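In what follows, a structure is listed as structure tokens, so that the remarks can point back to it.
In this text the structure is predicted, and so the values were computed from the model without any measurement. Throughout, numbering of the chain's residues begins at 1 and tracks the sequence.
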Amino acid sequence: MPSGSAGRSLLRHADFLKIWAAATISLFGSQVSLIAIPAIAILTLGASTFQAALLGFFEMLPFILFTLPAGVWVDRLRRRPILIAGDLGRAVALSTIPIAYAAGVLTVWQLYAVAFAAGILTVFFDVADQSYLPSLVESDQLVEGNAKLQISQSAAQITGQGLGGAIIGLVTAPFAVVADAVSFFLSAALIFAIRKPERPPELRAEPDAVARRGMRSEITEGLRYVLGQRYLRSIAACTATSNLFGNLVYAIFFVYAYRVLGLSPLVLGIVLGIGNIGFLLGAVVASRIARAIGVGRTIVLSALLGGLAIFPLAIAPASERAIPFLVVSQFGAGLAQVVYNVNQVSLRQAITPERIQGRMNATMRFIVWGTIPVGVLLGGALGTWVGLHEAIWVGAIGGLFAFLPPLLSPVWRLREIPAGPERPGALGLAGEMAPDVAAGTSVAAETEAEPDAGL
């Protein structure tokens, strides 16, 4: 454990407070876009079920195409400039929507283009963001830092969508997107103000690390590390399965809510905001549950709860009587997601050497978010061909099996987060599986704030 960090709260860490404020502001803005952009496609442009689902496909496609190269670049470059560029680029991309609408030329194809461009920038931002935190705070502060970031995400999800619905009611959906663009500009300014110097990339390598090789070789190293580490590969399989079937449901959710249930953006935003209280509760109890029953069991059981949370939506009646079912589903999903992310992301960060953090996060993103476009296409296709309600049932049943990989792996027996990264020679460079980490001592506690996963 690093000296001088024990017992020191991040509330007195000026640079962490800046990145926390930046994340909070942009997360609130993204919640507005999360409800505004589907409303533009469905209610303003009259998009079909499949056309609306394609929004999520184009947003997440970059995670298949660019995540692995992004991990290499994040490890080669300083991470703070990548975060600033990602924020500024997304602000500019989103600003084109209200401009085109005011000029009377907005089309669903422009929404796809903005989704794709923002997705590329999010790939680089997200990999850099998760790799930057371990260099900003001490290792025994990771759980506290991730938990605080997750509280911001939870608060944004509770109030942001209701706020988005209200803004749409006041200024229409295309102009509501301006709030998200402004939030990205403010986030970039706060990250720019961070004072702690970032270690040059050439100083991250261990003394006996191999010299820089080609991109393909570095990508291969990241893949081999994740797939050869018994904790990481089972977590990747769990999250990928959950994302596949969860996004099958999410792809058609807004069409179902607007056209089948007849909800307005304002009512839907309020319903989701109430249900999202589960996110806040999860951020509060995530580390406590892990201390009580062990980090491994917490990961497995939260994954199981996340799968079960889709069923209230599947059994909901096709009318406004579905509102309580939506609230229960959202509450359970939010609680499970936060508890799961807080613990599994802290585990990932703690056991991975600094020099390969970017590639580890990129490889995990490639695997676990790479299934999202597939789920989105399946949702759009099934919603069109067999019906919206039937497609939701497919997602509910499939998502129930996501908890099995960590249950059947050593993750289930992991009591505490290991104290540090694996030894430098354990990266599997010659093709062997990396040795397992001893789970004897723990870091202070965690979270994953999935930064601005939406547009």
The criterion is ring-ring contact (aromatic ring centres under 6.0 Å, His included); which residues satisfy it with [X], sequence neighbours excluded?
| X | value |
| --- | --- |
| W109 | Y112 |
| F403 | none |
| W20 | F16 |

Who passes side chain to side chain donor-acceptor pair (under 3.5 Å) against [X], sequence neighbours left out?
| X | result |
| --- | --- |
| S183 | D180 |
| S95 | none |
| S234 | S409 |

Where do [X] and [Y] come nearest, in terms of heavy atoms and distance?
| X | Y | value |
| --- | --- | --- |
| G380 | F50 | C-CD1, 3.6 Å |
| P312 | V328 | CG-CG1, 4.0 Å |
| H13 | L136 | NE2-O, 3.2 Å |

To the nearest 0.5 Å, how far apart are [atom1] in [X] and [atom2] in [Y]?
| X | Y | atom1 | atom2 | answer |
| --- | --- | --- | --- | --- |
| I191 | L186 | CD1 | CG | 11.0 Å |
| R224 | I356 | CZ | CD1 | 10.0 Å |
| R90 | F124 | CZ | CZ | 12.5 Å |
| R76 | E218 | CZ | CD | 4.5 Å |
| W393 | L248 | CH2 | CG | 14.0 Å |
| L382 | L388 | CG | CG | 10.5 Å |

Please list, one pair per line, the donor and acceptor atoms closer than 3.5 Å that link side chains of residues 36-44 to other protein atoms, with sequence neighbours excluded.
none

Under the side-chain contact (heavy atoms from CB on, under 4.5 Å) rule, collect the residues that match up with [X], sequence neighbours excluded.
| X | value |
| --- | --- |
| A309 | A333 |
| A240 | I367, T371 |
| T298 | I289, A290, I293, V339, N343 |
| Q110 | T96, A100, L106, T107, V114 |

Worksheet item: Centroid-to-centroid, F175 to Y101, below 6.0 Å?
Response: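 They qualify: ring centres under 6.0 Å apart.
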Discussion item. For the CZ atom on F401, are there more than 12 heavy atoms of other groups (residues, nucleotides or ligands in this structure) within a distance under 6.0 Å?
Written reply: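 Atom CZ in F401 is not packed in, count stays at 12 or less.
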Worksheet item: Would a 4.5 Å heavy-atom cut-off, applied to side chains only, mark Q31 and L34 as touching?
Response: yes
Worksheet item: Counting N and O atoms only, with roles assigned by atom type, does the side chain of S33 sit under 3.5 Å from a partner on the main chain of S30, one being a donor and the other an acceptor?
Response: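 No.
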Worksheet item: For residues Q344 and R348, is any side-chain donor paired with an opposing acceptor at under 3.5 Å?
Response: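 A pair is found: one side chain offers a donor N or O, the other an acceptor, under 3.5 Å apart.
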Discussion item. According to side chain to side chain donor-acceptor pair (under 3.5 Å), does anything in residues 237-248 pair up with another residue at least two apart or in another chain? List the pairs.
Written reply: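 Pairs touching residues 237-248 that pass the test: T239-Y340.
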Worksheet item: Given V123 and I120, is the side-chain contact (heavy atoms from CB on, under 4.5 Å) satisfied, shown in steps?
Response: CA-CA 5 Å; V123 166; I120 294 173; 5.7 Å; no
Worksheet item: Checking side-chain contact (heavy atoms from CB on, under 4.5 Å) for the pair L232/Y225: CA distance, chi angles, key distance, verdict?
Response: CA-CA 9 Å; L232 296 184; Y225 177 70; 3.6 Å; yes
